[in-house]
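Since the model is a prediction, treat every value here as computed from it, not as a measurement.
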Amino acid sequence: MSRSPQRLRAFVASAAATAFLSLGAAAPAATAAPSQSTAPAAGCALAGRTGWTDEGHTTDYTQFQRPLGTKHVLMLFVDFPDAQASGPTSDYYRQLAPAADWMKRDSYGRTALDITPLDRWIRMPHDSTSYGFQRGITFEQHEEYVRQAVAAADPYADFSRYDMVYIVPAKSAAAISFSPTYLYDPGTAGVTADGKRVKWAVTFGQDMWHWGFKVADHETSHTFGLPDLYAFTGTDYHRYVGGWDLMGDIAGAAPQHLGWERWKFGWIDDRQVACLPSAGSRTVHLKAVESPGGTKIAVIRAGETTAYIAESRRADGADSHACSTGVLIYKVDTSTATGYGPIQIVNGNPGATPPTGCRALDMAAFHPGQTFTDPATGIRIDVDGSTPLDDEISMTKR
């Protein structure tokens, strides 16, 4: 979850997708065979339209940080007059430190988190209950919390050496309940220390003990420009992507970033993207996103801000507990706001009974012989074959 002056829960809900699923159905009659396409990947890159965190490829890197290279992170440990710490900071560091290894593997080694803990408790000037940490926290309240933590730590750290800050509260501070991301406002004075603007921070809450270290990967991904994929409304918060991406469910069974987001980040290259931007067809050999190399995603452009994506998923690495494996198909809409379904997974097996610990949408991966069609756009994806680490698909747009 990210906080910003531009986005204080003023979002617009997206319309439901009109696509439908056909399992093993015969191909519709065609008047002419579509031509094979080898279009450049750029033809399938969609511009963002929300003006904030979204799934578009036009990320504003004056507002967000580039998700490549080493990010130097200073970890601060704070307590409060009404909630004082009683144990060492090392326990808190160990809870979150594995986020660095997770990010390195998820990015194929292209992004590294160099986390430096300031091994001392920093006393905040006010009680923990005074900072407004509830779901209605304002940008101004959040920025003031960051400002006070940085000012209290400034005598003990050189902030000019770091790209971002992690602020970790004492367990006794129950009022600091959840973990929002601070994204600076370029139009204001903001927070500065040692001659450098503090642009990005994750202010952890007590939910870090529930979610574990991947909450740091989730929140840091907001500083890279990604939206939330869980639902902000209703009772089924994971109806859009289930457990397929940690931007939806941090504790999901297959939490590695979707291939579309890896492309947005620069973790996969254009040459690893098979693009079908207009009418035609293409056969694609997909290598599982959990392993480096090979073609990672097949993209069929559906409109100015929409596309269907197919990728191969396997129970490997951070996805070792995946509830289903095969070809994952989903729709992206870069005009849909964070929390309202900018990515929606297509369930390839809606009649499957999920095993314990899995949801219906976690069973979504398509298998050889299955077909997805969207009559409104003339898009069709057939799963032709599979090996332990690869899938072959045919994609068509009429």
Side-chain angles (χ1 to χ4, degrees), residues 1-2 53 59 61-78 88-122 145-147 149-169 179-184 190-205 207-209 211-226 246-247 250 255-257 261-262 264-269 290 292 317-318:
M1 177 183 178
S2 59
T53 56
T59 304
Y61 288 120
T62 62
Q63 177 75 73
F64 304 100
Q65 63 174 332
R66 294 184 181 274
L68 293 171
T70 299
K71 305 302 170 187
H72 301 286
V73 184
L74 178 62
M75 182 178 287
L76 306 179
F77 306 95
V78 298
T89 62
S90 57
D91 292 342
Y92 296 77
Y93 173 72
R94 282 194 296 268
Q95 176 73 0
L96 296 170
D101 287 339
W102 198 94
M103 182 74 74
K104 183 177 181 180
R105 177 160 185 168
D106 195 39
S107 67
Y108 312 116
R110 296 191 176 189
T111 301
L113 299 178
D114 177 21
I115 304 173
T116 301
L118 182 62
D119 189 16
R120 64 183 300 144
W121 286 105
I122 302 296
Y145 179 79
V146 173
R147 180 181 291 109
V150 168
D154 196 22
Y156 313 105
D158 181 0
F159 283 85
S160 68
R161 298 172 51 196
Y162 301 99
D163 300 301
M164 64 180 302
V165 178
Y166 287 170
I167 302 174
V168 183
S179 303
T181 299
Y182 168 75
L183 303 168
Y184 83 117
V191 181
T192 60
D194 300 311
K196 185 173 183 177
R197 181 80 179 257
V198 177
K199 296 181 177 180
W200 306 288
V202 178
T203 57
F204 293 94
D207 62 348
M208 64 178 266
W209 302 102
W211 296 118
F213 67 85
K214 287 195 293 293
V215 69
D217 295 293
H218 172 104
E219 299 299 337
T220 301
S221 294
H222 284 316
T223 74
F224 299 156
L226 280 191
L246 87 165
M247 301 312 292
I250 296 171
Q256 292 192 221
H257 285 95
E261 295 175 339
R262 294 164 185 256
K264 171 184 169 77
F265 282 174
W267 293 352
I268 63 176
D269 301 320
E290 292 83 4

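In this structure, a donor-acceptor pair under 3.5 Å is absent between the side chains of Asp114 and Thr70. Using modelled atom types and a 3.5 Å distance limit, the side chains of Tyr166 and Thr203 yield no donor-acceptor pair.
From Thr220, atom OG1 reaches atom CE of Met103 across 5.0 Å, with rounding to the nearest 0.5 Å. In this structure, the separation between NZ on Lys199 and CG on Asp163 is 9.5 Å, given to the nearest 0.5 Å. Between the CZ atom in Arg120 and the CG atom in Leu76 there is a gap of 11.5 Å [rounded to 0.5 Å]. Annotation: the span from Asp119 atom CG to Thr89 atom OG1 amounts to 3.5 Å, rounded to 0.5 Å. From Asp154, atom CG reaches atom CD1 of Ile122 across 10.0 Å, with rounding to the nearest 0.5 Å. Rounded to the nearest 0.5 angstrom, Ile268 CD1 and Arg110 CZ are separated by 8.5 Å.
The nearest pair of heavy atoms linking His257 to Ser221 is NE2-OG, 3.0 Å. Listed here is the closest heavy atom pair of Pro169 and Trp121: C-CZ3, 4.4 Å. Residues Ala149 and Ile167 come closest through the heavy atom pair CB-CD1, 3.7 Å. When every heavy atom of Ala216 is checked against every heavy atom of Ala99, the shortest pair comes out as CB-CB, 3.7 Å. Across all non-hydrogen atoms, the minimal contact from Lys214 to Leu246 is O-CD1, 3.6 Å. In terms of heavy atoms, Met75 sits closest to Phe77 at SD-CZ, 3.5 Å.
Within a 6.0 Å radius of CZ in Arg197, other residues, nucleotides and ligands contribute more than 12 heavy atoms.
By the 4.5 Å heavy-atom criterion applied to side chains, Tyr156 and Leu118 are counted as neighbours. Taking the side chain as every heavy atom from C-beta outward, Thr111 and Phe265 never approach each other to under 4.5 Å. Side-chain contact check for Thr181 versus Thr223: some heavy-atom pair is nearer than 4.5 Å.
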- request: List the steps and the verdict of side-chain contact (heavy atoms from CB on, under 4.5 Å) for Lys264 and Leu226.
  value: CA-CA 9 Å; Lys264 171 184 169 77; Leu226 280 191; 3.8 Å; yes
- prompt: How far apart are the C-alpha atoms of Gln95 and Phe213, what are their side-chain angles, what is the distance that settles it, and do they pass the side-chain contact (heavy atoms from CB on, under 4.5 Å) test?
  reply: CA-CA 6 Å; Gln95 176 73 0; Phe213 67 85; over 6 Å; no
query: Asp106 and Arg262: salt bridge (Lys or Arg N to Asp or Glu O under 4.0 Å), yes or no, with the steps?
result: CA-CA 9 Å; Asp106 195 39; Arg262 294 164 185 256; 2.8 Å; yes
CA sep, side-chain torsions, deciding dist, call: Leu183, Gln63, side-chain contact (heavy atoms from CB on, under 4.5 Å): CA-CA 7 Å; Leu183 303 168; Gln63 177 75 73; 4.2 Å; yes
query: What's the verdict on side-chain contact (heavy atoms from CB on, under 4.5 Å) for Lys71 and Gln65, showing C-alpha distance, side-chain angles and the deciding distance?
result: CA-CA 9 Å; Lys71 305 302 170 187; Gln65 63 174 332; 3.5 Å; yes
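Looking at Gln256, its side chain never comes within 3.5 Å of a backbone N or O of Glu290 through a donor-acceptor pair. Of the possible donor and acceptor atoms, one in the side chain of Asp158 sits under 3.5 Å from a partner among the backbone N and O of Ser160. Arg147 places a side-chain N or O within donor-acceptor distance of the main-chain N or O of Gly190, the cut-off being under 3.5 Å.
Relative to the six-membered ring of Phe224, Arg66 misses at least one condition, a distance below 6.0 Å or an angle of at most 45° to the axis.
Salt-bridge check for Asp101 with Lys104: failed, with every basic side-chain N at 4.0 Å or more from each acidic carboxylate O.
Paired with Leu96 under the rule side chain to side chain contact (heavy atoms under 4.5 Å, CB included), one option of Asp217, Ile115, Val215, Val202 passes, and it is Val215. Each of Thr192, Val165, Leu74 was checked for a side chain to side chain contact (heavy atoms under 4.5 Å, CB included) with Val198, and the lone residue meeting it is Val165.
Between His222 and Trp200, the distance from one ring center to the other does not fall under 6.0 angstrom. With ring centers used as reference points, Trp211 lies 6.0 Å or more from Phe204.
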